[in-house]
Amino acid sequence: MIKITMPDGSKRDYACGTTGMEIAQSISKSLAKISLAIKIDGAVSDLSLSIDKDVSIEIITRKDAEALELIRHSAAHVMAQAVQSLFPNTQVTIGPSIENGFYYDFARKEPFSTADIEKIEREMRKIIERGNKFEREIWTRVDAITYFKDKGEIYKAELIEGLPEGEDVTVYKQGDWLDLCKGPHVPSTRHIGGGFKLLKVAGAYWRGDAKNAMLTRIYGTAWRDEKELKAYLFQLEEAEKRDHRKLGSEMDLYHFQSEAQGSVFWHPKGFVIYNQLEGYIRRRLNSSGYKEIKTPQLIDNKLWEASGHWGKYRENMFVVPDEIPNTDDDAPVVSDKAFDKLMALKPMNCPAHVQVFNQGIKSYRDLPLRLAEFGCCHRNEPHGALHGLMRVRQMTQDDAHIFCREDQITSESVAFCDLVKTVYSDLGFNDVKIVLALRPEMRAGSDEVWDKAEGGLRQALIEAGLEFTEAENEGAFYGPKIEYHIRDAIGRSWQCGTLQLDFVLPERLDASYIGADGAKHRPVMLHRAVLGTLERFIGVMIESYAGKLPLWLAPTQVVVATITSSADDYAREVHKALLDAGVRAELDIRNEKINYKVREHSLAKVPVLYVVGAREAEEQTVAIRRLGSKNQSVDPLDKAIAELTDAIKPPY
RNA sequence: GCUGCUGUAGCUCAGUGGUAGAGCGCGUCAUUGGUAAUGACGAGGUCGGGAGUUCAAUUCUCCCCAGCAGCACCA
């Protein structure tokens with residue numbers, strides 16, 4: 001007999017070898033019906049697994065959080081089965097569950113079409129209807145390799161060959177189809193239910209390596225039932241409406257065009273946001289002990305060679321021959337020698353900031369020296385990576401480099417974490433993911449230095465009272481980093497703020513200061529950006545606010561709209577008074593009905609509307625309508641403007 | 001960069017082997033109205049670029065460019 005501890009702490013005796021399903025049945029038949037899996041000592045397992053020792057268990061049903069992953073992973077297996085029964089010349093590879101769904105990667109010469117996707121989904125429903133059990137089997141590694149090789153499944157065989165020798169593998173069988181898999185799964189295909197949908201086909205590299213073959217990946221989403229699926233699909237649609245690329249053109253903020261691929265043409269309205277944000281950050285930095293500088297865009301290669309960028313980062317750099325182009329139509333634009341003397345557009349500001357630091361002799365008393373720049377950088381990003389404002393080729397970082405002593409790293413890092421916290425909260429971002437990226441395989445510096453650097457950043461995060469996760473191998477080659485990630489409307493995560501410790505660049509560019517001991521020392525460099533880039537951050541903000549930006553950032557803060565032309569003169573007075581008060585106001589005295597004007601400015605997301613007609617002109621008032629509200633209030637003009645000028649103040 | 005899809009008016013899209021259409025927007029005129037679309041008329045397109053097949057290509061084929069989704073990349 002074995003003792004099974006239930007979630008409520010009670011213990012029951014069962015025969016050795018009892019399965020989870022039997023336990024569920026012993027509790028109640030109705031529980032057994034809705035059970036999907038069992039948690040044994042905290043680990044999710046199949047209901048069919050026999051238990052042969054004392055454990056504590058928890059039955060997992062559709063309602064539980066763990067259910068979704070089981071359903072999704074099982075749906076991936078069913079999709080693979082469906083694909084292989086419809087397209088027998090297809091090899092399977094891997095198919096995990098992911099956030100909101102699942103995918104499976106297939107190796108096939110022909111890509112899948114949209115029509116194929118529909119066919120596959122119909123086939124999946126048939127398999128689910130059949131309700132075959134998911135049966136777990138344990139095979140020897142060698143048997144598994146032989147089996148998959150015989151079937152022509154070279155990818156699966158390769159996967160198993162990568163497993164430790166002598167270790168058995170598990171396979172899951174549903175009907176006559178099987179797949180190598182750790183499990184667990186729901187009891188039968190029927191338990192997947194109908195709350196799933198295949199979404200899209202895409203390419204993905206085998207084992208996530210661009211050097212490998214490109215496989216065909218099919219993505220699906222799966223939920224507990226049709227209702228949850230519907231809700232998710234609706235949410236996707238809603239999210240698309242707040243895509244910054246859509247809102248950017250609807251709101252006339254900026255545009256892109258192919259002649260300047262990946263670089264923003266800011267329109268007047270968009271540039272208001274840009275300038276407001278920059279001004280806000282500048283004020284924050286000024287009061288946090290930073291000194292603002294401006295450094296060159298185009299810099300001789302020699303500096304990039306010295307900094308190491310030419311070696312490690314060249315493929316992302318734009319180079320320019322420093323030669324006068326030939327004006328003769330028949331001759332080449334530049335000579336062969338042009339490539340002997342190249343300049344490059346800066347992809348980052350750090351080497352330039354070290355040049356400023358290196359001017360004159362620095363004393364330990366000068367440290368920490370915090371040099372800030374709204375630095376315009378160019379990076380030749382892979383074209384497939386470009387994405388609206390989020391990933392551009394010309395960007396402006398709210399960059400700064402802090403030159404300090406080793407013993408100042410922690411206090412400077414804490415100060416930075418506090419600054420980020422303040423700024424993000426001012427800007428309305430509370431859901432920020434913080435990652436501490438640790439040493440990568442390829443790195444400069446000794447382990448001792450890395451221990452110190454990682455420890456310093458970790459301590460800073462703890463002292464600043466921040467929650468964070470750690471990511472192995474994700475650091476820069478010159479030092480560990482703290483990354484601040486914010487999600488966009490469709491759930492993609494973008495790195496915005498960052499703090500990076502660098503022991504390497506001061507060495508390479510020979511930065512030094514004179515210590516209290518009168519000897520030369522190397523400063524440590526902290527690379528840091530609060531917003532990351534203005535472009536990306538504005539993109540994230542547009543999506544986060546769905547275009548309805550806070551008053552201080554709104555391109556147009558108020559529109560004065562007339563009801564009849566008899567109020568035109570008064571409207572002009574109101575408009576002028578607003579401009580004089582420093583409000584970004586526009587005047588709408590067009591010959592249109594007030595309904596039309598209200599609708600248009602509401603759709604344009606103008607936060608405040610002042611409506612004036614004969615009555616308001618007579619009484620020197622304005623009828624105020626705030627965006628999103630159906631009501632309006634009538635206030636004396638002076639009072640309205642006083643309240644508005646107060647409301648449009650930036651957070652700092 | 002890789003795989004796939006897409007590219008028609010300022011925007012959203014329909015359509016066809018015989019050189020094009022809608023709605024919105026824009027312009028003109030009429031209308032002076034009280035909080036999410038007043039009406040009429042009009043202008044506007046080398047159908048992403050190049051080549052090929054054809055009597056004839058926006059439509060079919062190929063190449064290029066750009067955009068989108070995903071992957072890879074992201075100092």
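Because only heavy atoms are used, hydrogens play no part in the values below, and waters and symmetry mates are left out as well, while side chains stay in. Residue numbering restarts at 1 for every chain, and letters A, B, ... go by the order of the sequence lines. Just so it is clear, the structure is predicted and the values come from calculations on it, not from any experiment.
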Does a side-chain heavy-atom distance below 4.5 Å link A:E535 with A:W266? yes
Quick one: do the A:N301 and A:W310 side chains pair a donor with an acceptor below 3.5 Å? no
Could you tell me whether A:P111 contacts a base, only the sugar-phosphate backbone, or nothing, with contacts defined as non-hydrogen atoms closer than 4.0 Å? sugar-phosphate
Sequence neighbours left out, cut at 3.5 Å: what donor-acceptor pairs do the side chains of residues 501-509 of chain A make with other protein atoms?
residue : atom : partner : partner atom : Å
A:D502  : OD1  : A:V504  : N            : 2.7
A:D502  : OD1  : A:L505  : N            : 3.0
A:D502  : OD2  : A:H527  : NE2          : 2.8
A:E507  : OE1  : A:R522  : NE           : 3.2
A:R508  : NE   : A:A306  : O            : 3.0

Report yes if at least one side-chain N or O of A:R108 is closer than 4.0 Å to OP1 or OP2 of B:U3; otherwise report no. no
How would you label the contact of A:H309 with the nucleic acid (heavy atoms, under 4.0 Å): base, sugar-phosphate, or nothing? base
Side chain of A:T564 - closest among B:U32, B:G34, B:A72: B:U32
In terms of the angle between their ring planes, are A:Y104 and A:F106 parallel, tilted or perpendicular, with boundaries placed at 30° and 60°? parallel
Applying the 3.5 Å cut-off to both distances, the Watson-Crick or G-U partner of B:G4 turns out to be B:C68
Complementary nucleotide for B:G23 - Watson-Crick or wobble, under 3.5 Å: B:C11
Please work out if A:E483 contacts a base, only the sugar-phosphate, or nothing of the nucleic acid, heavy-atom cut-off 4.0 Å. nothing
With distance as the sole criterion, is a donor-acceptor pair present between the side chains of A:H383 and A:R393 under 3.5 Å? yes
For A:R492 and B:A69, is the shortest distance between a side-chain N/O and OP1 or OP2 below 4.0 Å? yes
Presence of donor-acceptor pair under 3.5 Å, side chain of A:Y205 and base of B:G1: yes
Would one find a side-chain N or O of A:H255 under 4.0 angstrom from OP1 or OP2 of B:G10? no
Nucleotide opposite B:U61 in a Watson-Crick or G-U pair, distances under 3.5 Å: B:A51
Should B:G39 form a Watson-Crick or G-U wobble pair with both distances under 3.5 Å, which nucleotide is its partner? B:C29
Are OP1 or OP2 of B:C74 and a side-chain N or O of A:R391 less than 4.0 angstrom apart? no
Check whether the side chain of A:E110 and the base of B:G4 form a donor-acceptor pair under 3.5 Å. no
If you only use heavy atoms from C-beta on, which nucleotide in B:C71, B:A72, B:G34 is closest to the side chain of A:M214? B:C71
Can A:T562 and A:K597 be counted as having a side-chain donor-acceptor contact under 3.5 angstrom? yes
For nucleotides 36-40 of chain B, list the nitrogen or oxygen atoms of the protein found under 3.5 Å from its nitrogen or oxygen atoms, one pair per line.
residue : atom : partner : partner atom : Å
B:A36   : O4'  : A:R599  : N            : 3.3
B:A36   : N7   : A:R625  : NH2          : 3.1
B:A37   : N7   : A:R599  : NE           : 3.3
B:A37   : N7   : A:R599  : NH1          : 3.4
B:A37   : N7   : A:R599  : NH2          : 3.3
B:A37   : N6   : A:R599  : NH2          : 2.5
B:A37   : N1   : A:R599  : NH2          : 3.3
B:U38   : O4'  : A:K593  : NZ           : 3.4

Starting the side chain at C-beta, find the nucleotide from B:C71, B:A72, B:C74 nearest to A:R379. B:C74
Considering only heavy side-chain atoms of A:Q261, the closest of B:A66, B:U35, B:C74 is B:A66
Residue A:Y219, side-chain atoms from C-beta onward, closest of B:G33, B:A66, B:G70: B:G70
Using a strict 4.0 Å threshold on nitrogen-to-oxygen distance, state whether A:R245 and A:D243 make a salt bridge. yes
ring-ring contact (aromatic ring centres under 6.0 Å, His included) with A:Y596: which residues, sequence neighbours excluded? none
Distance criterion of 3.5 Å, no angle test: do you see the side chain of A:S565 paired donor-to-acceptor with the base of B:U32? yes
Base, sugar-phosphate, or nothing for A:K312, non-hydrogen atoms under 4.0 angstrom? base
